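Written below as structure tokens is the structure these notes are about.
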Number of protein chains: 2
Amino acid sequence: MSVPAESVRYAAILRGAAELFARKGVRSTTVREIAEAAGVLSGSLYHYFASKDAIVDEIMTRYLRALLDRYREVVATDSDARARLHGLVAASLETAKAAPHQTLIYQNELRRLRQRPGGEHIKAAVHEVQQTWLDVIEDGRASGVFRRDIPPRVFYRLIRDAVWLSVKWFRPEGSYPIEQLARDCTSVFLDGFVLN
Amino acid sequence: MSVPAESVRYAAILRGAAELFARKGVRSTTVREIAEAAGVLSGSLYHYFASKDAIVDEIMTRYLRALLDRYREVVATDSDARARLHGLVAASLETAKAAPHQTLIYQNELRRLRQRPGGEHIKAAVHEVQQTWLDVIEDGRASGVFRRDIPPRVFYRLIRDAVWLSVKWFRPEGSYPIEQLARDCTSVFLDGFVLN
DNA sequence: GTCTATAAATAGATAGAC
DNA sequence: GTCTATCTATTTATAGAC
């Protein structure tokens, strides 16, 4: 929520910056590059954003809002734990496919974004993401579907990292569709890779 | 392999730089900070290394050499595919525990390290790491132990990311030992999280 | 709303004294 | 082998004309 709530140029800055941040890293991307990608000179950026950090913040805030909207839809369905876990896997993969740059920034720079002053709302969103997964896992344990000998947090972190890091290798244009990846991912984590 | 093959200070620079690179990122770490951590002034760094990038290269080269040494030990054992896969999981987790900073740099900056000129030997090492996993997976498929409906590369990437990213959350000082994590990790990926 | 011009700080790296 | 001093380039951000 900067000075002009929305405009074509404002959106172009966010879009171009996200691509650059994902490819080169936030720190290695200069405001001049962001400006060039948006078709303006660097001084003009400061009409839309107070600083380079403010651009990063806006990108991540929007991204987390969209992600949490999808997660809330998934847990609103009254299906069993296995279906809901698959729903979270699929929602995450679809989000990564729809917003790969933002997902990559989220993976690469989250640690530093959380630490820095003013990162409280990001921290809160990240916590809600985690809690959504843990609730589904706990539900599956309580209903006797999931194993009790694996700590829920450990399982959560394993599947979380495996799912999200797919943004680094999954190619939507290939012959292996995202729906298949979602099914394979759920099946490996729930049924295992050994033949029964 | 810089000018003085080895010295206390040389080692101190590598150690301090690894910690800083892991915590702040390579780009955000200045040569002055590296020098301060090693107890010298920035000018003195250039007696040991030609550039900041040369420090990063040396850290990653040593790390990958140590990792591949462990991997070669694992695949040299003539056990079945399940045991060898567990061996790779355990070797990776132990490496991450022994060299957490280097592992974090490997995860965060590998993409950029590979791309830049002179990164061919790193690329070759990364390829050998991948091939080690794929060989074990292929062996398990051929011997009828692993599923054939999941693409080997997909399974490799899922378990690879889950295992390596544990460096971001695993705490060696906690009550959950690394050996248990290795067992849980192997079991989740091979047997699944659902109760049988 | 965009540009020009530039301020102010910081970066990697070098030269030479000690 | 280390430090002092500094060069050169780059970076974020600002001020003010248009």
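Treat the numbers as computed from the prediction; the structure is a model and nothing was measured. Note on naming: letters A, B, ... go to the chains in the order of the sequence lines (proteins, then strands), and numbering restarts at 1 for each one.
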When you check the phosphate oxygens OP1 and OP2 of [N], does a side-chain N or O of [X] lie under 4.0 Å from one of them?
X: B:His47; N: D:dT2; answer: no
X: A:Arg9; N: C:dT2; answer: yes
X: A:Tyr10; N: C:dG1; answer: no
X: B:Ser44; N: D:dG1; answer: no

Salt-bridge test for A:Glu19 and A:Arg15: reply yes if a basic N is under 4.0 Å from a carboxylate O, no otherwise.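 No.
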For the pair A:Glu33 and A:Lys24, find out whether any cationic side-chain nitrogen is under 4.0 Å from an anionic carboxylate oxygen.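 So A:Glu33 pairs with A:Lys24 through a salt bridge.
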Starting from the 5' end of DNA chain C, give me the residue, A:Arg27 or A:Gly39, whose nearest nucleotide shows up first.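 Counting from the 5' end, the first nearest nucleotide belongs to A:Gly39.
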Quick check: on DNA chain D, is the nucleotide nearest B:Ser42 upstream (toward 5') of the one nearest A:Gly43, or the reverse? Name the residue that is more 5'.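 It is B:Ser42 whose nearest nucleotide is closer to the 5' end.
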In dot-bracket form, 5' to 3', how is DNA chain D paired? Count Watson-Crick and G-U wobble pairs only if both distances fall under 3.5 Å, and write | where the partner sits on another strand. |||||||.||||||||||
Expressed as a whole number of angstroms, how long is the span from [X]:[atom1] to [N]:[atom2]?
X: B:Glu36; N: D:dT2; atom1: CD; atom2: P; result: 16 Å
X: A:Leu41; N: D:dA15; atom1: CG; atom2: P; result: 19 Å
X: B:Leu45; N: C:dA11; atom1: CG; atom2: P; result: 14 Å
X: A:Lys24; N: D:dT11; atom1: NZ; atom2: P; result: 8 Å
X: A:Ile13; N: C:dT2; atom1: CD1; atom2: C1'; result: 11 Å
X: B:Glu33; N: C:dA13; atom1: CD; atom2: P; result: 15 Å

Measure from the side chain of [X], starting at C-beta and using heavy atoms only, and say which of [options] lies closest.
X: A:Tyr46; options: D:dT14, D:dT4, C:dG12; answer: D:dT14
X: A:Ser51; options: D:dT11, D:dC3, D:dA13; answer: D:dA13
X: B:Tyr48; options: C:dT2, D:dG1, C:dG12; answer: D:dG1

Can you tell me how far NE2 of B:His101 sits from CG of B:Leu14, rounded to the nearest 0.5 angstrom?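 Answer for the CG-NE2 pair, B:Leu14 versus B:His101, is 13.0 Å.
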Is a side-chain donor-acceptor pair under 3.5 Å present for B:Thr103 with B:Tyr63?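 B:Thr103 and B:Tyr63 do have a side-chain donor-acceptor pair below 3.5 Å.
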Does the structure place the NZ or CZ of A:Arg153 under 6.0 Å from the centre of the six-membered ring of A:Tyr156, at an angle of no more than 45° from the ring's axis?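 No cation-pi geometry.
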Tell me what B:Ser28 touches on the nucleic acid: a base, only sugar-phosphate, or nothing, going by heavy atoms under 4.0 Å.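 Touches nothing.
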Quick one: sort the B:Phe146 and B:Phe155 rings into parallel, tilted or perpendicular, breaks at 30° and 60°.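 B:Phe146 vs B:Phe155 ring planes: tilted.
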Using ring centroids (six-membered ring only for Trp), state whether A:Phe189 and B:Phe193 fall under 6.0 Å.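 Distance test on ring centres: not under 6.0 Å, no.
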With no angle test and no hydrogens, is the base of C:dG12 tied to the side chain of B:Arg32 by a donor-acceptor pair under 3.5 Å?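 Indeed, a donor on one side and an acceptor on the other fall under 3.5 Å apart.
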